[in-house]
Amino acid sequence: MSVASVIVDVAAKQTDRAFDYAIPDKWKGIIVPGMRVVVPFGPRKVQGFVVALKEEAEVKRVKPIADLLDLTPVLTPELLEIGHWLTEKTLCFMISAFQVMLPAAMKAKYDKELSLLSKEAYEQLHEQVKPFFQSRSSLKWSEVEKTAAAPAFHRDIQKGLIEVVYVVKNKGNKKTAKGVKLNQSLEEIQQFMSELNKQAEKQKQVLSFMLNRNEEVAIKEIAEDLQITSAPIKALINKGLLAETEIEIYRDPYQDRYFTPSKPFQLTDEQAEAIAPILQDIEENLHDVFLMYGVTGSGKTEVYLQSIDQVLKKGKEAIMLVPEISLTPQMVKRFKERFGSKVAVLHSGLSTGEKYDEWRKIQRKEVSVVVGARSAVFAPFENLGLLIIDEEHETSYKQEENPRYHARDVAIYRGQHHQCPVILGSATPTLESFARAQKGVYKLLTLKQRMNKSSMPSVDIVDMREELRSGNRSMFSTMLFEKMKDRLEKGEQIVLFLNKRGHSSFVMCRDCGYVPTCEHCEISLTYHRYQNKLKCHYCGHEEHVHTECPECHSEHIRFFGSGTQKVEEELTKVLPEARVVRMDVDTTSRKGAHEKLLNKFASGEAQILLGTQMIAKGLDFPNVTLVGVLTADTMLNLPDFRASEKTFQLLTQVSGRAGRHKLPGEVVIQTYTPEHYSIQLASQHDYDAFYKHEMEIRKMHKYPPFFYLALVTVSHENIAKVVSVTDKISQYLRQKLSPQTTILGPVASPIAKIKDRYRYQCMLKYKLEPSLIPLLKYILERYQAEMQKENLTITIDLNPYSMM
DNA sequence: AGCACGCCGACT
DNA sequence: GTCGGCGTGCTC
């Protein structure tokens, strides 16, 4: 095998295929598919992934591989195969599919460097170039690029005085420490020890320590253990008895923490019944997809933990996905307590280096459980025994950039490959999953009871229009306010939920209804109190706050909608005795802030936890007896066919925070549309009725799970161009697709303009379209030239989750 | 994506 | 006649 097929790190249609390279003799038999290499590509060097080996190249002339980056493949054969599958399913480039499977630290950085060919060449350099090389012989092109000397450099490069070198950097990476290992045979060392000078007691200690361990040990560790300095160790290195080594050390984000080991709990009858078929699958190496539908607080996590335990006993590995937002310290703790150092954790809170280290632990098989967000589904395990997706309905499992994959699909694909079970867990399953369970495609496991036999909290719906009519203009209804006062007196705790991030709200003229919008994006500006400015959340554009309406010159400019910050201010006014913890993107962005705030609430130091989405899931505080949802309908009015489903899910999740233990819980939902079925049914904890009602609507409007969706979005600076392209695409598809398929559009996207680019879309609803993928591929090919030259973009999202 | 090659307008 | 503009096409 002397030729390697390589996918190069150039994300473009024309380079989206394998290129053949000769394997230099020194790497023959060493290079295997899945390794990263550096290859010459045109005049430069790029990183690439070896995808196959072969005897003969397809082309006459092949260049040799320039460098080898890995000693063991970073992509297993399975992952390589998944890459191909992803490319097909999501219409992404091969290189993007591979890149998404690896930690960011492994992505190549490129540098273009200039170096002087010889000392003699210096004199011949252009006068403008000379100063750059005065004290050195090489420099980065980026230093020169923007200066006036750039043309002169070009000339000297042409003359052959300066050489251009392309450097591929493998950034970040391993953190190492200096270590030592024994460098001579046992006999020689014992011989040496007996001859050692009596004064050299410390050296003797070191040697016997090393003989004991018989492996490489960090110098620091020896010094600490034996209470000595590194001097005697250095002496032994000099005498040749020990050899210096580099030991890879891991940055462990949880190293300072102690986790009390926990034992499996006794399962309830219901839990035992649910886990039985899972354990059976694990035992018999069978693949099934289980939908575990369990109400909030029904103990799904314990079922996960015990299933994983079983997998580990069989010597296999498990992946558990959780939504980024619920990857809280509480969740991590439960896993660390149960599985100790067998767990790797992957989430966005880690630094690039930490993520890389966690990934390395997986690759080196030092852990057998991974808990992580979406991309952890690609963990390079080779002996998977179980995949779990907790909170299956969460939209964060769908990646909104290329490759636009859904972690659930990847998990099921891997489950089939490894012949192992996949568990999807939720208190509010997506209609897609629940429908599949009804049809028997997935196996349904139900947990109807809460673990502590506590009943579901009672829910009151408050009509905020009524409140307004009766003169209450505050954001707390009379009922919620009374209940809050009551809890504070009793010393119980309250969770307040507001579906509005940050401290911002929009602005409107009360006289003419004018709302300031961004001039680059078609979206209303939000008010940031901190800087007293109006900001666009899409492009960052800022404006001063108007004191007068630019339309009607009225001075009645008001701020509408309340962000968490405003609510916090209001709370301190009306309930000055209450201590409030506010949790949103602004207060949790700092590392460790999340945990700190939660601890403050858990310890009882604060009585009210006020927050956005991030407090809706997974939190479990025994003393919380009241949950308030300040505005339940903000989500309901989004232009998204899943709006009702999302509202139902959110209300159910939030309500689930109350009364999980001995004390009974109450929930108050404030809304302007109390009659809406998703609010009504959420208040009755009636998922089944919601499912039936929503399914009717989906069927009527031809939405999933009855139909598949595909969304084509076109964007360009010129609106006429956008409309015409979208129109042509729609026409083409109408002509080619079956009459059973609905083609909507071209219509303007819900956000019709972002960063001065207009956006139009075309939506397909289909049941069976075997030729859809090739047709969409053809469209991308047809417009490829325009996409490259004119900055036209066409994005295709199969099974979209966001309609924006 | 980058970069080289190549074919046309405004300068010494 | 040359420098440099960016259209075109290739990268194993």
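Below, chains carry the letters A, B, ... as their sequence lines are ordered, and counting in each starts from 1. Just so it is clear, the values below take in all heavy atoms, side chains as well, and ignore hydrogens, waters and symmetry mates.
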Nearest to the A:Lys789 side chain among C:dT8, C:dG4, B:dA1, which nucleotide is it?
C:dT8
Axial cation check for A:Tyr801 ring with A:Arg642, 6.0 Å and 45° limits:
yes
Listed partners of A:Asn383 passing side chain to side chain donor-acceptor pair (under 3.5 Å), at least two apart
none
By side chain to side chain donor-acceptor pair (under 3.5 Å), which residues pair with A:Gln128, not counting sequence neighbours?
none
Sugar-phosphate only, base, or nothing, as touched by A:Lys112 at under 4.0 Å among non-hydrogen atoms
sugar-phosphate
Donor-acceptor pair, distance only, cut-off 3.5 Å: does the side chain of A:Arg759 make one with the backbone of A:Thr713?
no
For a quick check of understanding: with a heavy-atom distance under 4.0 Å over all strands, which category does A:Phe41 fall into, base, sugar-phosphate or nothing?
base
Positions of residues 2-20 of chain A (non-hydrogen atom under 4.0 Å from DNA chain C), listed by number
A:Gln14, A:Thr15, A:Arg17, A:Phe19, A:Asp20
Residues in side chain to side chain donor-acceptor pair (under 3.5 Å) contact with A:Glu143, at least two apart in sequence or another chain:
A:Arg136
Side-chain H-bond candidate by donor/acceptor type, A:Ser715 with A:Arg757, under 3.5 Å
yes
Does anything in residues 58-69 of chain A come within less than 4.0 Å of DNA chain C? Heavy atoms only, and list the residues if so.
A:Val59, A:Arg61, A:Val62, A:Lys63
Taking the six-membered ring of A:Phe153 (Phe, Tyr or Trp), confirm whether the NZ or CZ of A:Arg155 is under 6.0 Å from its centre and within 45° of its axis.
no
Using modelled atom types and a 3.5 Å cut-off, is there a donor and acceptor pairing between side-chain atoms of A:Ser96 and backbone atoms of A:Cys92?
no
Any base atoms under 4.0 Å from A:Phe93, or only sugar-phosphate, or nothing? Heavy atoms, all strands.
nothing
Intra- and interstrand pairs of DNA chain B - dot-bracket, Watson-Crick/G-U under 3.5 Å, | marks other strand
|||||||||||.
State whether a side-chain donor-acceptor pair under 3.5 Å links A:Gln363 with A:Arg360.
yes
